[in-house]
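Heads up, the thing below is written out as structure tokens.
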Amino acid sequence: MKIVTYNVNGIKARLERLVEYLAEQQPDVVCLQELKSSDETFPEAAIRDAGYGAVWHGQKGFNGVAVLARGQDPIERQRGLEGEPEDNHSRYLECEVDGLVVASIYLPNGNPRPGPKFDYKLRWIDRLRARAQVLLDAEVPAVLAGDYNVIPNDDDTFSVPAMASDALMQPESRRGYRALVAQGWTDALRSRHPRGGVWTFWDYQAGAWQRDAGFRIDHLLLSPAVADRLQDADVDKAYRGREKASDHAPTWVRLS
DNA sequence: ATGTCAACGATGCGTTGA
């Protein structure tokens, strides 16, 4: 069973790439982020024609998350996180597929820092951690997959100095992410590539892709029962090099 | 600081958010 997280950076702009990915890789579950689409303009028919059921939580212009499942419709469990009723960003969608809880997560970027966007990021991590604890306490098999906008370790980036002042690498961002993992989750990519050096994102600017100047911000966190089923985890890096690519590459786990 | 991209409101291009 292959579960993917893929920040598409605009599902309408990326539709051809996404459908191509589904056809070539046949993943069982796909968590999408940055749909940049309202609910009404989500390309449901094209996804269905590709053989996937979908649940989506869109927003006009930016944000937006979805869960796709091959040959079936995911069952929605929750959209949005508790704790901040005035927060209308579409960044969290939790579904059930084949008895597995799968959440698509788009954690706030947090730049510029310092400022309200960074403060929002840190509060959002706390709210995610609260939800994650509920899932662990319920002992449901779960995968929290998405764009966390956190570079967890120094060996998760091509350059520490280049990223040092970025919200993605601040000690507060890392503390929040590590506290989440420390609840009992397994960072799947890290467990399969413990020495780091694996990137999931390459900026469009400054020839980052050509220089392999990337970093790792797309993560799949596995609950204990799911971690026992982990066979492999990696990045479908080649898709970042195609025409009209997203700045993120699909990142995945394979479970027994 | 930036050699970029997508959506938006509006219809040629500046603003926003990455």
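The chains referred to below are lettered A, B, ... by the order of the sequence lines, with proteins before strands, and numbering in each begins at 1. Side chains included, hydrogens not; waters and symmetry mates left out as well; all remaining heavy atoms used. Keep in mind the model is a prediction, meaning the values are calculated, not measured.
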For this session: For the residue pair Asp87(A) and Tyr120(A), confirm or rule out a side-chain donor-acceptor distance under 3.5 Å.
Result: yes

For this session: Verify whether one side chain among Asp218(A) and Thr200(A) offers a donor that lies under 3.5 Å from an acceptor in the other.
Result: yes

Exercise. Ring centres of His89(A) and Phe62(A) under 6.0 Å apart?
Worked result: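 Yes - the distance between ring centres of His89(A) and Phe62(A) falls below the 6.0 Å cut-off.
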
Exercise. Rounded to the nearest 0.5 Å, how far apart are CZ of Arg254(A) and CG of Leu230(A)?
Worked result: 11.0 Å

[atom1] gap between [N] and [M], integer Å:
| N | M | atom1 | value |
| --- | --- | --- | --- |
| dA1(B) | dC13(B) | P | 28 Å |
| dT2(B) | dA7(B) | P | 24 Å |
| dT16(B) | dA10(B) | C1' | 15 Å |

Problem set entry | Identified ring-ring contact (aromatic ring centres under 6.0 Å, His included) partner of Trp202(A) from the options Tyr239(A), Phe215(A), Trp209(A) |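 Looking at Tyr239(A), Phe215(A), Trp209(A), the match for Trp202(A) under the ring-ring contact (aromatic ring centres under 6.0 Å, His included) is Trp209(A).
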
Exercise. Okay, side chain of Lys36(A), backbone of Ala13(A): is any donor-acceptor separation there less than 3.5 Å?
Worked result: no

Exercise. Which nucleotides of nucleotides 7-18 of chain B have their base under 4.0 Å from a protein heavy atom (B), which only their sugar-phosphate (S), and which neither (-), written as one string 5' to 3'?
Worked result: SSS-------BS

For this session: Provide, to the nearest angstrom, the distance between the CZ atom belonging to Arg240(A) and the P atom belonging to dT4(B).
Result: 12 Å

